[in-house]
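These figures come from a predicted structure and were not determined experimentally. Residue numbers begin at 1 in each chain, while the letters A, B, ... track the order of the sequences.
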2 protein chains.
Amino acid sequence: MRGMSIGELAGASGVRTDTVRYYERIGLLAMAARTEAGYRSYGSEDLARLRFIRRAKSLGFSLEDIRRLLDLQGNDASTAGDVLALTRQRIEVLQNQIADLAAIEAALANLARDCPPDAPASDCPILAHLAGLHRFKMGVPRSPIMSRKD
Amino acid sequence: MRGMSIGELAGASGVRTDTVRYYERIGLLAMAARTEAGYRSYGSEDLARLRFIRRAKSLGFSLEDIRRLLDLQGNDASTAGDVLALTRQRIEVLQNQIADLAAIEAALANLARDCPPDAPASDCPILAHLAGLHRFKMGVPRSPIMSRKD
DNA sequence: CTTGACCTTGCACCCGGCTCCAAGGTGCAA
DNA sequence: TTGCACCTTGGAGCCGGGTGCAAGGTCAAG
């Protein structure tokens, strides 16, 4: 596949032409070779690089991380340990994100569990929680009628 | 707390003054009352509203969702079920996000597990995966020297 | 009266990762 | 030759959620 146009490259790699140009602009792809007419011209190694980017993106790596990974790939002095370090960092971030989201989800699920759908919003424990009224955990206050002397 | 300044409100609610003005601009807070000099002046209900926003934000609600929650809170016709619906939506999004991140994390952990840190990057299974070379699952190719006639 | 901390406004800018547009040039088929 | 699809460039706009800044007004302490 010598001399693909940007459209062919984009089609073959599953990104848009604008995105290819964007990647070139930010230095993620090298400046493309040009035809006489000034059209960008790509070879199979460009396609491989774009596919690499797409796969890395699907694993949640940022373009900045991907740039580093590509540097490691192209640098004879780098080791698998270097790649592993980036990967471990990414895993750690993921674990933290998952933990944060799971904590939020648990909190919401907890609130949702005790929410009586047919009650007026003013009795909604979710709104109560958001309003900062976690004092009354829940349930009917025992004999509110009796608690005159509070 | 009648007639707090924007700075006092911000201090008491844990957001910045700029953010308070921003919330006013996007309609999340009502236009504040003004002093004769044109300074914004807040009461305790504004503080409560800002704290509501902060708590909802910490549960990952978007400002748009928060606006809806506040509308529900202020609307006598709304029910706890309305709040619950928003909450369930949010929970569903969270569960999807968690599942996506967990899948990525598992994939990365899987790749990281088999990565020999001291090998050159060219032998890194992570890079190999990103390059799309999942053909050779791993291990030494059996007798590469013998495979002359492939 | 001055200093300094606060307040006002409007507007621009940031992050990441694109996406779209207009105005013009090129390549190929009917 | 005409038409259409593709290519080029520079630049702007989008998303959400703010942040920063400059030029000016206000207020309280010393």
Inset, instruction - For B:L86 and B:F61, work out which heavy atoms get closest and say how close. - result: O-CE2, 4.3 Å

List, one per line, each side-chain donor-acceptor pair under 3.5 Å for residues 121-133 of chain B, sequence neighbours excluded.
none

Inset, instruction - Using five base pairs at each end, measure the axis-to-axis angle across the helix from C:dC1-D:dG30 to C:dA30-D:dT1 and round it to 10 degrees. - result: 20°

Inset, instruction - Evaluate side chain to side chain contact (heavy atoms under 4.5 Å, CB included) for B:I53 paired with B:L29, printing each intermediate quantity in order. - result: CA-CA 10 Å; B:I53 293 170; B:L29 296 178; 3.9 Å; yes

Legend entry - Partner residues of A:E45 under the side-chain hydrogen bond (donor to acceptor under 3.5 Å, both in side chains) criterion, sequence neighbours left out: A:R2

Legend entry - Residue-phosphate contact under 4.0 Å: B:S5 side-chain N/O, C:dC7 OP1/OP2: yes

Legend entry - Contact boundaries on DNA chain D for chain A, cut-off under 4.0 Å to non-hydrogen atoms: D:dC6 to D:dT9

Inset, instruction - May I ask you to decide if B:L108's main-chain N or O and A:R90's side chain share a donor-acceptor pair within less than 3.5 Å? - result: no

Legend entry - Within residues 31-41 of chain B: residues closer than 4.0 Å to DNA chain D (heavy atoms): B:A37, B:Y39

Inset, instruction - Quick one: list whatever passes side chain to side chain contact (heavy atoms under 4.5 Å, CB included) with B:A33, sequence neighbours left out. - result: none

Inset, instruction - Decide yes or no for A:L50 and A:Y42: does some side-chain heavy atom of the first lie under 4.5 Å from some side-chain heavy atom of the second? - result: no

Inset, instruction - State, with a plain yes or no, whether a side-chain heavy atom of B:L28 is found less than 4.5 Å away from one of B:R49. - result: no

Inset, instruction - Taking A:D46 for its side chain and A:G43 for its backbone only, find out whether a donor-acceptor pair lies under 3.5 Å. - result: yes

Can you pull every protein N or O that's under 3.5 Å from an N or O on nucleotides 17-21 of chain C?
from: C:dG17; atom 1: OP2; to: A:L63; atom 2: N; distance (Å): 3.4
from: C:dC18; atom 1: OP1; to: A:K57; atom 2: NZ; distance (Å): 3.3
from: C:dC18; atom 1: OP2; to: A:Y23; atom 2: OH; distance (Å): 2.7
from: C:dC20; atom 1: OP2; to: A:R16; atom 2: NH1; distance (Å): 2.6

Inset, instruction - Could you list by number each residue of residues 85-104 of chain B showing a heavy-atom separation from DNA chain D of less than 4.0 Å, or answer none if no residue does? - result: none

Legend entry - Pairs flagged by side-chain hydrogen bond (donor to acceptor under 3.5 Å, both in side chains) wherever residues 15-30 of chain A is involved - sequence neighbours left out: A:D18-A:R21, A:E24-A:R40

Inset, instruction - Measure across A:T35 and A:S41 and return the closest heavy-atom pair with its distance rounded to 0.1 Å. - result: CG2-CB, 4.1 Å

Legend entry - Residues, nucleotides or ligands: over 12 heavy atoms within 6.0 Å of B:R88 CZ: no

Legend entry - Contact list for residues 60-86 of chain B, test side-chain hydrogen bond (donor to acceptor under 3.5 Å, both in side chains), sequence neighbours left out: B:E64-B:R67, B:D65-B:R68

Inset, instruction - Could you pull out all residues at least two apart from B:R34 that satisfy side-chain hydrogen bond (donor to acceptor under 3.5 Å, both in side chains)? - result: none

Inset, instruction - Could you list the residues that satisfy side-chain hydrogen bond (donor to acceptor under 3.5 Å, both in side chains) with A:Q95, not counting sequence neighbours? - result: B:E105

Inset, instruction - Answer with base, sugar-phosphate or nothing: what part of the nucleic acid does A:I6 contact at a heavy-atom distance below 4.0 Å? - result: sugar-phosphate

